[in-house]
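In what follows, chains are A, B, ... by sequence order, proteins preceding strands, each numbered from 1.
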Number of protein chains: 2
Amino acid sequence: MLPITITPEDDSGLCPVRAVLASVSGKWQSLILLSLEDGALRFSAVKRAIGDITQRVLTENLRSLERDGYLTRSVDAGPPVAVSYELTDLGRSLVEVYKPLVLWAAEHIGTVKDARARYDAAADGRAEKP
Amino acid sequence: MLPITITPEDDSGLCPVRAVLASVSGKWQSLILLSLEDGALRFSAVKRAIGDITQRVLTENLRSLERDGYLTRSVDAGPPVAVSYELTDLGRSLVEVYKPLVLWAAEHIGTVKDARARYDAAADGRAEKP
DNA sequence: CAGTATCCTTTACGATACTG
DNA sequence: CAGTATCGTAAAGGATACTG
């Protein structure tokens, strides 16, 4: 058994596990952290690395990750202005434990897709002949 | 560099990493998987283990995890009817790579909270004396 | 370049009531 | 017991235009 709780509250009114998991829940946070794995990137480079994220949402997520201490934001007042983002030690250590999950994903995506296909096929069968 | 892509598309129109990460994004999926770590649980037991999740949302999430092949659902037509959920091999292997993240969370939550407090304090300072 | 500002849609989630 | 049905809210995200 894990030495953890997943029940809603602790002394400070927030389950530690949930508080941290919330940092990587959502569509983009983890991808942003991963994009910075090999070193600092500028705003536009992060955007390019991910491909399909809007400026607004990227800014939001970067701010949130900065607030939690996973990355730093440094401004070089140009012109042109250049803002670069870099993982902190905390961020790097998070990415370290996060990477196995990413590798797992790459390895098992096939199984997941198959499971989905089978589940949906079975559901279709039930829908057609009720 | 990781042998992964986080760009939006692959041959099948979906990045493998994103597809799997989506399974554990959201507020509840990972907690549900963790609650089943030590063996099968009935619907009400999962609900109790998590504490604050509504029946509707729990059902939704269980269905989605079942669809992806992470857990199985077995019905014992009572009465009273008893439905139990259990991790598949796939689900167990996912939990294995996911657990380090949970332990990391328990370990580093203090650092994260401090970072948040400092960030918010700095933001307040800027708001008060603009 | 790295954002803001607006507006809008979608999705997740919450509350409550009802049922085989 | 393990759901479904309905209704409502809030948060996340998307599209587009504008700016120091």
Sub-3.5 Å pairs of nitrogen or oxygen atoms, protein against nucleotides 12-15 of chain D:
{"from": "D:dG13", "atom 1": "OP1", "to": "A:Lys27", "atom 2": "N", "distance (Å)": "2.8"}
{"from": "D:dG13", "atom 1": "N7", "to": "A:Arg56", "atom 2": "NH2", "distance (Å)": "2.6"}
{"from": "D:dG14", "atom 1": "OP1", "to": "A:Lys27", "atom 2": "NZ", "distance (Å)": "2.9"}
{"from": "D:dG14", "atom 1": "OP2", "to": "A:Trp28", "atom 2": "NE1", "distance (Å)": "3.4"}
{"from": "D:dG14", "atom 1": "N7", "to": "A:Arg56", "atom 2": "NH2", "distance (Å)": "3.3"}
{"from": "D:dG14", "atom 1": "O6", "to": "A:Arg56", "atom 2": "NE", "distance (Å)": "3.0"}
{"from": "D:dG14", "atom 1": "O6", "to": "A:Arg56", "atom 2": "NH2", "distance (Å)": "3.2"}
{"from": "D:dA15", "atom 1": "N6", "to": "A:Arg56", "atom 2": "NE", "distance (Å)": "3.3"}

What residues form a salt bridge (charged side-chain N to carboxylate O under 4.0 Å, His left out) with B:Arg56, not counting sequence neighbours?
->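 So B:Arg56 forms a salt bridge (charged side-chain N to carboxylate O under 4.0 Å, His left out) with B:Glu60.
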Under the salt bridge (charged side-chain N to carboxylate O under 4.0 Å, His left out) test, which residues partner B:Asp76, sequence neighbours left out?
->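 B:Asp76: no salt bridge (charged side-chain N to carboxylate O under 4.0 Å, His left out) contacts found.
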CG/A:Asn61 to NZ/A:Lys27 distance, rounded to the nearest 0.5 angstrom?
->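 So the CG of A:Asn61 and the NZ of A:Lys27 are separated by 11.0 Å.
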Span of DNA chain C in contact with chain B (heavy atoms, under 4.0 Å) =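 Here the contact window of chain B covers C:dC13 to C:dG20.
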Just by modelled atom types, is the A:Ser25 backbone N or O under 3.5 Å from a matching donor or acceptor in the A:Gln29 side chain?
->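 Answer holds: yes.
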Taking the side chain from A:Ser35 and the backbone from A:Val46, do they hold a donor-acceptor pair closer than 3.5 Å?
->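 Not at all, since once roles are kept as given, no pair shorter than 3.5 Å links the two residues.
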side-chain hydrogen bond (donor to acceptor under 3.5 Å, both in side chains) partners for [X], two or more places apart:
X: B:Arg73; result: B:Tyr85
X: B:Asp120; result: A:Arg67
X: A:Ser84; result: none

Pairing annotation in dot-bracket form, given for DNA chain C with Watson-Crick or G-U pairs under 3.5 Å and | for cross-strand partners | ||||||||||||||||||||
Can you tell me which residue pairs pass the ring-ring contact (aromatic ring centres under 6.0 Å, His included) test with a partner in residues 27-84 of chain A, sequence neighbours excluded?
->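 Applying ring-ring contact (aromatic ring centres under 6.0 Å, His included) to every pair that reaches into residues 27-84 of chain A, excluding sequence neighbours, yields nothing.
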If a pair satisfies ring-ring contact (aromatic ring centres under 6.0 Å, His included) and one of its residues is in residues 87-106 of chain A, list it, with sequence neighbours excluded.
->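 Of all non-adjacent pairs touching residues 87-106 of chain A, those that pass ring-ring contact (aromatic ring centres under 6.0 Å, His included) are A:Trp104-A:His108.
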Take A:Arg63 and A:Val81, find for each the nucleotide of DNA chain C with the closest heavy atom, and name the residue whose nucleotide sits nearer the 5' end.
->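 Residue closer to the 5' terminus by nearest nucleotide: A:Val81.
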Residues within residues 39-47 of chain A bordering DNA chain D, heavy-atom distance below 4.0 Å =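 Residues of residues 39-47 of chain A that come under 4.0 Å of DNA chain D do not exist, since none gets that close.
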Pairs involving residues 80-89 of chain B, ordered by first then second residue, that meet salt bridge (Lys or Arg N to Asp or Glu O under 4.0 Å) (sequence neighbours left out) |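 Every salt bridge (Lys or Arg N to Asp or Glu O under 4.0 Å) pair that includes a residue of residues 80-89 of chain B, provided the two are not neighbours, is B:Asp89-B:Arg92.
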Test side chain to side chain contact (heavy atoms under 4.5 Å, CB included) applied to A:Leu62 and A:Glu66, step by step = CA-CA 6 Å; A:Leu62 284 169; A:Glu66 184 196 0; over 6 Å; no
